[in-house]
Amino acid sequence: MEKKHFNDAHDTIESVIAIDQARKAAQQKKDAASAEMNQISKSIGALMAQGKREEAEAAKAKTGELKENIKALEAEMAAEEEKLTQALLQIPNVPYSIVPEGKGAEDNVAVKVGGWNFGEPLKKLAEGNRSFDADGNGIALRDWPASEDPQPAFAKLPHWELAKKYNLIDFDLGVKISGAGFPVYIGQGARLQRALINFFLAEANKAGYTEIMPPTVVNQASGYGTGQLPDKEGQMYHCEVDDLYLIPTAEVPVTNLYRDEIIDEANLPIKNCAYTECFRREAGSYGKDVRGLNRLHEFSKIEIVRIDTPDHSDASDAGARGRSAAEAGVAVSYSPSLRR
RNA sequence: GGAAAGUUGUCUGAGUGGUCGAAAGAGCCACACUCGAAAUGUGGUGUACGCAUUACGUCGUACCGGGGGUUCGAAUCCCUCACUUUCCGCCA
């Protein structure tokens, strides 16, 4: 948790424990009061059955104060429970053990750099690298300095200029009908997008992931289920009339399929993938980060979700991580949008 | 959008105010019978929290779609929300 800059991790855990203690104490008091009440009620029933009216009435008279007391104790217990829930919601998921610690994108570590065969430089670098296929095309592990990255023979253009030059994407039309961050893919651009979706889905299918086509709008419980709520409330589009959220990733519906379910270990791993449009408000993004396709309010993404036992997910890095990455062809999620 | 009926344990399905956590059947588990199986018989068979714990729990509370209310007492009455089914309306 400290990796997530969860600085007061220790305090939070301590306070969760303390709140839980308070909750237990409240429950004990409330349970005791309820027990007394139940006993009296029972006795009233018995007295009535015996026709002892007056005694029953007398017993009834005693219950008033007790009832008030129970109400108060119930409120106290509910308050402690709510406090506990809120405290627990503050605790983030534990990051994957290989995730590097860092403050921003610049601290990220490239695990794999891909490149198609632009020409000699890459081909040369590829020699001795097992990741290349017979044609010399493929994914290469970057074991060369960035300055030696392969250079294509043609002039490089940023993607938004390429997209304009070949009329693949019209950003202005997107602004017209929706707003910034909603590009309109046209002709070959649209076909490319569709092809990428197909390609990545096919790869995931090959790796044994079952294709899911979920709703792209979810209820609040699903938002909490995968932790978008309460943390990222402001980043999601919210349809207030129906209290539904547009999904920021297929992870939300595909994972919530199993919310509140206990899965028999024999049925693991569960491997699902899904293509959906994803919606993000991207509040707070600015500048070059949002240029072209870099940050969109709506984009296409293929997500893969694997549900497995803990010893298959984190503990044995080389095994589990390598396996799922290899099976899927890429690490965690595919993004078929034309970024980068 | 309007109306009606419904939502009970793993399943089917009883239960309209007082030992109902909940009948019955099915399923499942154990045992018996059997060479084995089937059939049959007997017993058992929900969850959460709390408490207790060397061990066993004739221990407490809560849960009959969710939430709230009435009552000494609610699966049972009232309100509300969600969902399911059916009908009407509206509309791609």
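All chains are named by letter (A, B, ...) in the order of the sequence lines, taking the proteins before the strands, and each is independently numbered beginning at 1.
Across all strands shown, B:G36 forms no Watson-Crick or G-U wobble pair with both key distances under 3.5 Å. Under the Watson-Crick and G-U wobble criteria, each requiring two contacts below 3.5 Å, nucleotide B:G41 is paired to B:C31. Across all strands shown, the partner of B:C77 is B:G69, judged by Watson-Crick or G-U wobble contacts whose two distances both fall under 3.5 Å. Pairing for B:G6 goes to B:C83, judged as Watson-Crick or G-U wobble with the two contacts each under 3.5 Å. Both distances falling under 3.5 Å, in either a Watson-Crick or a G-U wobble arrangement, occur for no nucleotide opposite B:U53. Base pairing analysis places B:G1 opposite B:C88; the two distances defining the Watson-Crick or G-U wobble pair are each below 3.5 Å.
Regarding contacts with the backbone of B:G50, a side-chain N or O of A:Lys24 is found under 4.0 angstrom from either OP1 or OP2. Listed pair A:Gln28 / B:C51 meets the phosphate criterion, a side-chain N or O lying under 4.0 Å from OP1 or OP2.
The pair A:Glu74-A:Lys71 does not meet the salt-bridge criterion, since no charged nitrogen lies less than 4.0 angstrom from a carboxylate oxygen. Of the charged side-chain nitrogens involved, none lies within less than 4.0 Å of a carboxylate oxygen, so that A:Lys164 and A:Glu161 do not count as a salt-bridged pair.
Between A:Phe279 and A:Tyr237, the two ring planes are perpendicular [angle over 60°; tilted spans 30° to 60°].
What separates CG of A:Leu73 from C1' of B:G60 is a distance of 15 Å, to the nearest Å. The distance between atom CD of A:Glu74 and atom C1' of B:G60, rounded to the nearest whole Å, is 15 Å. If you take CG of A:Leu84 and P of B:A48, they are 17 Å apart, rounded to a whole angstrom. Between A:Glu80 atom CD and B:G50 atom P there is a gap of 14 Å when expressed in whole angstrom units.
The P atoms of B:A30 and B:A37 are separated by 12 Å, rounded to the nearest whole Å. B:G17 and B:C64 have their C1' atoms separated by 15 Å, given to the nearest Å. Here, B:C91 and B:C77 have their C1' atoms 40 Å apart, quoted to the whole Å. A gap of 15 Å separates the C1' atoms of B:A75 and B:G6, to the nearest Å. On the C1' atoms, B:U10 is 35 Å away from B:U70, given to the nearest whole Å. Using P as the reference atom, B:U85 and B:G67 are 24 Å apart when rounded to the nearest Å. Separating the C1' atom of B:U80 from that of B:U7 is a span of 16 Å, rounded to the nearest Å. Taking atom C1' in both B:G21 and B:A48, the straight-line distance is 14 Å, to the nearest Å.
Between the side chains of A:Glu277 and A:Tyr275, at least one donor-acceptor pair of N or O atoms lies under 3.5 Å. Looking only at atom types and distance, the side chain of A:Tyr209 has no donor-acceptor partner in the side chain of A:Glu203 under 3.5 Å away. One side chain, A:Asn219 or A:Ser222, offers a donor N or O that lies under 3.5 Å from an acceptor on the other. Of the N and O atoms on the side chains of A:Gln86 and A:Glu82, at least one donor lies less than 3.5 Å from an acceptor on the other residue.
With A:Thr12 as the fixed residue, the side-chain contact (heavy atoms from CB on, under 4.5 Å) test singles out one of A:Leu88, A:Ile17, A:Ile91: A:Ile91.
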Base versus backbone protein contacts along nucleotides 63-84 of chain B [heavy-atom cut-off under 4.0 Å; B, S, -]: ---------BS-----------
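Mapping A:Ser34 and A:Arg23 onto RNA chain B by nearest heavy atom places A:Arg23 at the nucleotide closer to the 5' end.
A:Lys62 comes within 4.0 angstrom of nothing in the nucleic acid, heavy atoms only.
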